[in-house]
Amino acid sequence: MTLEDLYRRGLVLLGCGKMGSAMLEGWMAGGLPAGSVWVVDPHPSEWLCSRAGDGVHLNDDFPENPAIVLLAVKPQLMEDALPQVARFGGGGTLFISIAAGKTLAYFAGRLGRGTPIIRSIPNTPAAVGRGITGLIGNGEVRESHLRLAETLLSSIGQSVRLDDESQMDAVTAVSGSGPAYVFYLIEALAAAGEAQGLPPAMALKLARATVAGAGHLAEQASEDPAQLRVNVTSPGGTTAAALEVLMDAETGFAPLLRRAVAAATDRGRELGR
Ligand SMILES: NC(=O)C1=CN([C@@H]2O[C@H](COP(=O)(O)OP(=O)(O)OC[C@H]3O[C@@H](n4cnc5c(N)ncnc54)[C@H](O)[C@@H]3O)[C@@H](O)[C@H]2O)C=CC1
Ligand SMILES: O=C(O)[C@@H]1CCC=N1
């Protein structure tokens, strides 16, 4: 299956809220024709309605034999939503789920054993082409399916193939939910600046640019993040004073994030039940 097949046969999105829209926005910016996209969503956003004006089929009759169906509803609503596309199960159509927790076995049970299904977890920086998606396929998924999924995902960022489905809840907790932790870091850093007397707008500008700039440097630099941290830290200077607080073995960042990521991983497992 190739990109040309996708353009010709069509891509169906079951649900197109925050994450589905972030992906669709990236794909359309990358050249996916509006006329190749079918979206089912009972509560379309203004953005989605405007894409319908560009030619996206919104709550329209489905194409006869879509190349891909993307499952992008909340895990809790999957059971009710899935019957709308179940008839495409059985072989010819590749299903890609982005739902947290929902397992390959869950989908195979509802779409039929012969159905190629990829379970994936993207993240919202996909909207600006800077996402990362973890993915793994069931036994029906061929190398050509995975390559097509990766080609599609490459227009919204990077991707990683998992070794085993059991890694997916941890991937969800690190990169799927991760942008929210980083946005909260920006909020908290700005609030801390305000507490030291900075005007709110200036504190937010400093915090946002610092996190974005550090992220960009971490991606571009040949040094690892630990060395980049050392590069900022003058002995006996200001950074060392802050890191003494942040790197405390009991109350610092590392044990806090370990607990947060464990909570997210556990919740992913619960959503899968
Ligand atoms: N938001 C994020 O950062 C990420 C979300 N995900 C996964 O993506 C999925 C969607 O999450 P969000 O986009 O955040 O949620 P959302 O609530 O923004 O979007 C879900 C969409 O599904 C629609 N919907 C509800 N019932 C439907 C039905 N029966 N048929 C068709 N559409 C229906 C809703 O109207 C809504 O627009 C979830 O399964 C979540 O686990 C995965 C990775 C990251
Ligand atoms: O919060 C959630 O459950 C979804 C999955 C990863 C990001 N958002």
Side-chain angles (χ1 to χ4, degrees), residues 11-27 37-52 56-62 66 68-88 95-104 106-107 110-111 117-136 149 152-153 156-160 162 165 167-184 186 257 260-273:
L11 166 71
V12 171
L13 276 86
L14 182 68
C16 192
K18 289 179 282 295
M19 194 61 240
S21 299
M23 297 174 88
L24 186 57
E25 192 173 358
W27 286 332
V37 180
W38 277 256
V39 175
V40 197
D41 196 311
H43 307 291
S45 65
E46 240 175 70
W47 177 83
L48 189 54
C49 292
S50 75
R51 294 286 76 80
V56 166
H57 306 263
L58 179 58
N59 296 324
D60 211 349
D61 288 343
F62 285 134
I68 294 182
V69 173
L70 186 85
L71 304 171
V73 299
K74 293 277 188 207
Q76 297 92 329
L77 298 178
M78 192 62 79
E79 194 69 15
D80 288 341
L82 212 45
Q84 297 175 89
V85 291
R87 73 181 132 115
F88 299 121
F95 283 75
I96 304 180
S97 164
I98 65 165
K102 290 291 177 202
T103 62
L104 290 168
Y106 168 86
F107 291 112
R110 282 149 187 84
L111 298 170
I117 307 159
I118 291 177
R119 180 178 170 193
S120 71
I121 282 289
N123 64 11
T124 54
V128 292
R130 302 296 298 274
I132 185 158
T133 303
L135 74 159
I136 188 157
L152 205 51
L153 291 169
I156 56 169
Q158 306 177 56
S159 59
V160 285
L162 275 53
E165 192 182 0
Q167 297 168 325
M168 191 56 97
D169 293 316
V171 168
T172 307
V174 171
S175 58
S177 299
Y181 317 156
V182 175
F183 300 136
Y184 188 56
I186 296 174
L257 264 183
V261 168
T265 307
D266 290 347
R267 182 61 187 143
R269 288 199 190 107
E270 282 167 17
L271 286 169
R273 278 188 215 124

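Whatever order the structure lists them in is the order used to number ligands and atoms, beginning at 1. Computed from a predicted structure; not experimentally measured.
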Q: For the residue pair W38 and H57, categorise the inter-ring angle as parallel (less than 30°), tilted (30 to 60°) or perpendicular (more than 60°).
A: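 Geometry flag for H57 against W38: parallel rings.
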Q) Between R110 and E79, does at least one N-O distance fall below 4.0 Å, as a salt bridge requires? A)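 Yes.
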Q. Do K18 and D41 sit within salt-bridge range, that is, some charged N less than 4.0 Å from a carboxylate O?
A.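 A salt bridge is absent here (no side-chain N lies under 4.0 Å from a carboxylate O).
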Show the atoms of ligand 1 that are less than 4.0 angstrom away from any heavy atom in [X].
| X | result |
| --- | --- |
| P122 | 42 (C), 43 (C), 44 (C) |
| A99 | 39 (O), 41 (O) |
| L77 | 25 (C), 26 (N) |
| A81 | 28 (C), 29 (N), 30 (N) |

Considering non-hydrogen atoms of the protein only, which is the closest contact for [atom], and what is the distance?
| atom | result |
| --- | --- |
| atom 33 (C) of ligand 1 | P42 CD, 3.3 Å |
| atom 42 (C) of ligand 1 | I98 O, 3.2 Å |
| atom 39 (O) of ligand 1 | V73 O, 2.6 Å |
| atom 41 (O) of ligand 1 | A100 N, 3.0 Å |
| atom 35 (O) of ligand 1 | D41 OD1, 2.6 Å |
| atom 1 (N) of ligand 1 | M19 CB, 3.9 Å |
| atom 20 (C) of ligand 1 | A72 O, 3.7 Å |
| atom 18 (O) of ligand 1 | K18 N, 2.9 Å |
| atom 5 (C) of ligand 2 | A100 CB, 3.9 Å |
| atom 2 (C) of ligand 2 | S177 OG, 4.8 Å |

So [Y] and [X], do their side chains get closer than 4.5 Å, heavy atoms only?
| X | Y | answer |
| --- | --- | --- |
| L70 | L24 | no |
| L13 | M23 | no |
| V37 | W27 | no |

Q. What closest approach, in Å, do N123 and M19 show between heavy atoms, and which atom pair accounts for it?
A.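 It is O-CE, 3.1 Å.
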**Q.** Closest approach of V261 to T265 (non-hydrogen atoms, all atoms of both residues)
**A.**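 Looking at all heavy atoms of both residues, the shortest contact is O-OG1, 2.7 Å.
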Q. Any idea which atoms of ligand 2 are less than 4.0 Å away from a heavy-atom of G176?
A.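 Reading through ligand 2 atom by atom, the close ones are 6 (C), 7 (C).
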Q. Between Q84 and ligand 1, does any nitrogen or oxygen pair lie at a separation below 3.5 Å?
A.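 Right, the criterion is met.
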Q. Is the backbone of L14 close enough, under 3.5 Å, to the side chain of Q84 for a donor and an acceptor to pair up by distance?
A.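 No, because the side chain of Q84 does not come within donor-acceptor range (under 3.5 Å) of the backbone of L14.
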Q) Any sub-3.5 Å donor-acceptor pair from S120's side-chain atoms to G134's backbone N or O? A)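 Not confirmed, S120 side chain does not pair with G134 backbone.
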Q. If you measure from each heavy atom of D80 to ligand 1, is any distance below 4.0 Å?
A.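 False for this residue.
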Q. Does the protein put a heavy atom under 4.0 Å from atom 7 (C) of ligand 2?
A.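 Looking at atom 7 (C) of ligand 2, one finds that a protein heavy atom does lie closer than 4.0 Å.
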(Q) Under 4.0 Å, heavy-atom basis, I'd like to know which part of M78 is in contact with ligand 1: side chain, backbone, both or neither. (A)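 M78 to ligand 1: no contact under 4.0 Å from either part.
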Q: Please indicate whether Y181 has more than 12 foreign heavy atoms, meaning atoms of other residues, nucleotides or ligands, lying under 6.0 Å from its OH.
A: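 Correct, the count exceeds 12.
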Q.
If the test is side chain to side chain contact (heavy atoms under 4.5 Å, CB included), which one of P122, S175, P125 qualifies with I132?
A.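 It is S175; the other options fail the test.
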